[in-house]
Amino acid sequence: MRYELPHAGPGQAVGLLGGSFNPPHAGHAHITREALKRFGLDRVWWLVSPGNPLKADGPAPMERRLEAARAVMQHPAVEVTDIEARIGTRFTAETLERLLRLYPRTRFVWLMGADNLAQFHRWDRWQQIMEMVPVGVLARPGDRLPARTSPAAALYERWRIPAAQSQRLAQARPPAWCFVNVPMRTISSTQLRASGHW
C-alpha cells in the first residue's frame with residue numbers, strides 16, 4: 001500500500017489539511033499557502049475525505065473532488081491526496097495513528113480553520129489528536145472569538161505557542177498549538193454549493 005501514498009523525507013514537516021473539499025475553492029488554497037509560510041512547513045497534504053462524520057449529507061464523488069482540488073491548488077509543496085480512502089480511515093484520530101506508523105520520521109502538523117477549533121470538542125477523540133501532533137489554527141472571518149473561547153482552547157491554553165513564534169510549531173512536542181490571524185477570503189464551500197456552481 002505504501003507506494004500509493006505520498007512521499008515524505010526523514011525529518012520533513014508536513015501539514016495535513018483534512019476536509020470534504022465539497023467543493024475545493026480559493027480559500028482552501030489561500031490558507032494552505034499561509035500555513036506553509038507561518039508554521040515552517042516543508043509540505044502540505046490535502047486529505048480529501050471519503051465523508052465528514054459530522055455532516056449528514058454526503059459529498060460529491062471522490063474523483064470529482066480530487067480533480068477539482070488539483071485544479072484549485074497548484075503549488076510544488078502541496079499534494080492533493082485520498083489517503084483516508086486508501087488506508088480505510090474516517091476519523092482524524094485514526095488517520096493520524098496510521099500516518100504516524102507509516103511515516104515514523106515525519107513531523108506532522110494538523111491544520112484547521114478557526115471555525116473547526118470552535119467545535120473541535122465534538123470530534124472523535126479530540127484530546128488524543130491534540131496529544132499526537134501539533135495543531136496549527138488559521139483564523140477565518142467571524143470565527144476568531146468562538147475559537148478562542150472554545151473548550152479545546154481553554155483546556156490546552158498552557159500549550160499554546162504565541163503567533164509571533166509560529167515557526168516553532170512544526171518542531172514542537174505535542175500537545176502544542178498555535179493560532180494565527182491571516183488575511184482571509186470569505187468564500188466557502190457552502191456558498192458555492194448554494195450558488196449552483198458545484
Side-chain angles (χ1 to χ4, degrees), residues 12-21 24-49 52-55 72-73 75 77-79 91-93 95-97 99-100 106-191:
Q12 277 197 322
V14 177
L16 302 172
L17 184 67
S20 54
F21 297 97
H25 52 72
H28 293 129
H30 176 63
I31 66 167
T32 299
R33 289 189 293 268
E34 289 292 329
L36 279 164
K37 290 187 293 187
R38 300 294 187 97
F39 298 132
L41 304 174
D42 298 304
R43 301 186 59 75
V44 170
W45 297 349
W46 281 18
L47 309 187
V48 181
S49 68
N52 184 340
L54 294 181
K55 293 182 179 177
V72 166
M73 186 72 253
H75 189 289
V78 181
E79 189 159 356
F91 292 92
T92 300
T95 297
L96 289 173
E97 285 173 338
L99 289 178
L100 290 169
T106 300
R107 294 181 175 273
F108 288 113
V109 174
W110 186 257
L111 303 173
M112 66 170 74
D115 57 330
N116 278 318
L117 181 63
Q119 48 93 47
F120 192 43
H121 57 285
R122 294 176 53 209
W123 291 28
D124 181 65
R125 292 190 286 157
W126 67 275
Q127 292 182 45
Q128 188 176 342
I129 295 169
M130 292 290 287
E131 305 283 340
M132 280 194 284
V133 294
V135 175
V137 183
L138 299 116
R140 301 194 337 175
D143 293 319
R144 293 185 178 108
L145 184 60
R148 288 184 169 176
T149 57
S150 67
L155 186 61
Y156 287 93
E157 177 59 34
R158 63 180 287 202
W159 290 285
R160 179 176 169 184
I161 293 173
Q165 299 173 30
S166 62
Q167 291 287 322
R168 290 178 36 217
L169 183 65
Q171 307 303 319
R173 184 184 185 130
W177 65 287
C178 185
F179 186 107
V180 296
N181 291 312
V182 294
M184 300 301 290
R185 300 182 181 185
T186 57
I187 189 170
S188 74
S189 295
T190 303
Q191 290 170 331

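Since this is a predicted model, take the numbers as computed values, not measurements. Computation of the quantities below employed the complete heavy-atom set of this structure, encompassing side-chain atoms and omitting hydrogens, waters and symmetry-equivalent molecules.
A parallel orientation is assigned to the rings of Trp46 and Phe21, their planes being inclined by less than 30° (bins at 30° and 60°). Taking the six-membered ring where tryptophan is involved, the planes of Tyr156 and Trp159 are tilted, since the angle between them lies from 30° to 60°.
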#### Entry: Candidate pair Arg148 and Arg160, rule side chain to side chain contact (heavy atoms under 4.5 Å, CB included), full reasoning
CA-CA 11 Å; Arg148 288 184 169 176; Arg160 179 176 169 184; 4.0 Å; yes

### Task
May I have the step-by-step check of side chain to side chain contact (heavy atoms under 4.5 Å, CB included) for Met112 and Val135, ending in yes or no?
CA-CA 8 Å; Met112 66 170 74; Val135 175; 4.0 Å; yes

### Task
I would like to know whether Arg107 and Gln171 meet side-chain hydrogen bond (donor to acceptor under 3.5 Å, both in side chains); could you show each step before the answer?
CA-CA 7 Å; Arg107 294 181 175 273; Gln171 307 303 319; 3.0 Å; yes

### Task
Apply side chain to side chain contact (heavy atoms under 4.5 Å, CB included) to Gln119 and Arg122, showing your working.
CA-CA 6 Å; Gln119 48 93 47; Arg122 294 176 53 209; 3.8 Å; yes

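Atom OG1 of Thr92 is separated from atom CG of Leu16 by 9.5 Å, given to the nearest 0.5 angstrom. The CZ atom of Arg38 lies 8.0 Å from the CG atom of Asn181; values are rounded to the nearest 0.5 Å. Here CG of Leu111 is found 6.0 Å from CG of Leu17. Values are rounded to the nearest 0.5 Å. Distance check: Phe179 CZ to Leu117 CG gives 7.0 Å after rounding to the nearest 0.5 Å. Taken from CZ in Arg43 to OG1 in Thr106, the straight-line distance is 10.5 Å, to the nearest 0.5 Å. A distance of 7.5 Å separates CG in Leu138 from CD in Glu34, rounded to the nearest 0.5 Å.
For Phe39 against Ala170, the heavy-atom pair with the smallest separation is O-CB, 3.6 Å. Shown here for Glu131 and Pro175, the closest heavy-atom pair between the two residues is OE1-CD, 3.6 Å. Considering all non-hydrogen atoms of both residues, Trp126 and Phe120 come closest at CB-O, 3.2 Å. When every heavy atom of Cys178 is checked against every heavy atom of Ser166, the shortest pair comes out as SG-CB, 3.7 Å. The heavy-atom pair separating Ser150 from Ala147 by the smallest distance is OG-O, 2.8 Å. In plain terms, the two heavy atoms of His75 and Arg33 that are nearest each other are CD2-CG, 4.2 Å.
Looking at residues two or more places apart in sequence or on another chain, you find a ring-ring contact (aromatic ring centres under 6.0 Å, His included) between Trp45 and Tyr103, Phe108.
Side-chain atoms of His121 and Leu155, non-hydrogen and from C-beta on, never get closer than 4.5 Å to each other. Between Leu100 and Met132, the closest side-chain pair of non-hydrogen atoms falls below 4.5 Å. At a threshold of 4.5 Å between non-hydrogen side-chain atoms, the residues Val133 and Val109 do not count as touching. No side-chain heavy atom of Val180 sits less than 4.5 Å from a side-chain heavy atom of Val137.
Checked by atom type and distance alone, the side chain of Gln167 pairs as donor or acceptor with a backbone atom of Lys37 at under 3.5 Å. Looking at Asp42, its side chain never comes within 3.5 Å of a backbone N or O of Val14 through a donor-acceptor pair.
At a threshold of 4.0 Å, the pair Glu97-Arg125 counts as salt-bridged, since one of the basic side-chain nitrogens sits closer than that to a carboxylate oxygen.
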